[in-house]
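Only a predicted model underlies this, so the values are computations on that prediction, with no experimental measurement involved.
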Amino acid sequence: MAEYEACILGLRLDIDMNVQELLVIGDSDLLVCQVLGELATKNTKILPYLHCVQELINRFTKIEFKHVSRIQNELAVALATLSSMIQHPDKNFIDPIPIEIRKQPAYCAHVEEEFDGNP
């Protein structure tokens with residue numbers, strides 16, 4: 001979940017800066033494969049995060065996800081350190097992503113939504 005939240009924060013910051021083309025380099029093979037649709041997401045707690053990432057992806061003209069091993073990911077460690085020092089222009093905190101945990105997963109064929117401003 002933390003990796004998804006970091007990805008979502010990064011994508012939102014890129015959108016706020018009007019970035020149109022983006023290369024996302026990550027060391028979470030699971031996240032990259034799930035976002036690319038190469039692996040199914042079985043954990044119902046992760047699905048809202050994945051859907052949020054997929055919605056944010058649609059706001060870019062071109063976006064590519066690339067996996068690198070953690071050993072080769074010194075750049076990510078440096079960027080993560082730097083990004084932890086950067087504050088969003090309008091806020092001093094990260095917006096929480098509301099997640100409802102149910103006792104049973106819900107299955108449906110069609111869902112209509114009303115835009116409420118939240119992911």
Tell me, please, which residues at least two apart from [X] pass side-chain contact (heavy atoms from CB on, under 4.5 Å).
X	result
Leu22	Leu11, Asp14, Val19, Val24, Phe60, Ile63
Val32	Leu36, Phe65, His67
Gln54	Leu50, His51

Quiz item: Apart from Leu47 itself, what residues make up its hydrophobic cluster, given side-chain heavy atom links below 4.5 Å?
Solution: none
Quiz item: In Å and rounded to the nearest 0.5 Å, what is the OG1 to CD distance from Thr41 to Gln34?
Solution: 3.5 Å
Practice problem: Working to the nearest 0.5 Å, report the span between NZ of Lys62 and CD of Gln20. | Solution: 13.0 Å
Quiz item: Going only through I, L, V, M, F, W and Y residues with side-chain contacts under 4.5 Å, is there a path from Leu39 to Val68?
Solution: no
Exercise. Indicate if Ile57 and Ile15 have the same hydrophobic cluster label, given that clusters are the connected sets of ILVMFWY residues with side-chain heavy-atom separations under 4.5 angstrom.
Key: yes
Quiz prompt | Residue pair Arg12, Cys52: steps toward the side-chain contact (heavy atoms from CB on, under 4.5 Å) verdict | solution = CA-CA 10 Å; Arg12 285 180 176 166; Cys52 183; 4.0 Å; yes
Exercise. Classify the side-chain pair Tyr49/Glu3 by whether it contains a donor and acceptor separated by less than 3.5 Å.
Key: no
